[in-house]
Amino acid sequence: MKWFDNTALTLVIVGAINWLLIGIFQFDLVAFLFGELSFLSRAVYTIIGLCGLYLISLYGRIKEI
């Protein structure tokens with residue numbers, strides 16, 4: 001399951017970088033790459049959001065690490 005944690009963390013970091021780009025430069029990298037609110041960009045946003053929700057469980061597992 002560690003590979004899933006690492007994958008989820010990587011996707012959440014990519015999402016955070018996207019928010020940084022939006023905040024500083026008003027540039028949405030996901031929309032640029034996949035189209036503005038296209039099916040694919042919505043899928044990317046959904047997957048990153050689900051990974052973020054999954055990583056909440058990291059707080060409960062942090063003692064194991």
Side-chain angles (χ1 to χ4, degrees):
M1 201 63 150
K2 187 170 181 155
W3 66 270
F4 190 76
D5 291 343
N6 290 336
T7 302
L9 184 59
T10 301
L11 288 174
V12 169
I13 290 170
V14 168
I17 291 170
N18 190 52
W19 277 111
L20 177 70
L21 291 172
I22 291 170
I24 294 176
F25 302 113
Q26 295 180 354
F27 176 71
D28 188 347
L29 182 62
V30 175
F32 176 76
L33 293 176
F34 301 112
E36 191 148 338
L37 290 180
S38 68
F39 175 77
L40 195 53
S41 67
R42 288 177 51 160
V44 169
Y45 291 132
T46 302
I47 291 168
I48 291 174
L50 289 173
C51 287
L53 290 175
Y54 169 76
L55 288 177
I56 292 172
S57 69
L58 188 65
Y59 284 118
R61 297 179 291 129
I62 205 148
K63 293 178 186 172
E64 297 175 12
I65 297 176

According to the salt bridge (charged side-chain N to carboxylate O under 4.0 Å, His left out) rule, which pairs have a member within residues 46-55, sequence neighbours left out? none
F32 reachable from V14 in the ILVMFWY side-chain graph, under 4.5 Å edges: no
If two hydrophobic side chains count as joined below 4.5 Å and joins carry through other members, does Y59 share a cluster with L9? no
With sequence neighbours left out, write down each residue that passes side chain to side chain donor-acceptor pair (under 3.5 Å) with T7, or none if nothing qualifies. none
Just list the side-chain donor-acceptor pairs under 3.5 Å for residues 49-58, sequence neighbours left out, or say none.
| residue | atom | partner | partner atom | Å |
| --- | --- | --- | --- | --- |
| Y54 | OH | D5 | OD1 | 2.6 |
| S57 | OG | Y54 | O | 2.7 |
| S57 | OG | R61 | NH2 | 3.2 |

L20: side-chain contact (heavy atoms from CB on, under 4.5 Å) partners, not counting sequence neighbours: I24
Hydrophobic cluster (4.5 angstrom, side-chain heavy atoms) - remaining members for W19: I22
Suppose the criterion is salt bridge (charged side-chain N to carboxylate O under 4.0 Å, His left out): which pairs have a residue in residues 6-25, not counting sequence neighbours? none
Once side-chain hydrogen bond (donor to acceptor under 3.5 Å, both in side chains) is applied, what residue pairs with a partner in residues 20-34 remain, sequence neighbours excluded? N18-D28, D28-Y45
Sorted by chain and number, sequence neighbours left out, side-chain contact (heavy atoms from CB on, under 4.5 Å) with L37 holds for R42
Under the side-chain contact (heavy atoms from CB on, under 4.5 Å) rule, collect the residues that match up with F25, sequence neighbours excluded. L21, F27
Could you tell me whether a side-chain N or O of S41 sits under 3.5 Å from a main-chain N or O of V30, the two making a donor and an acceptor? no
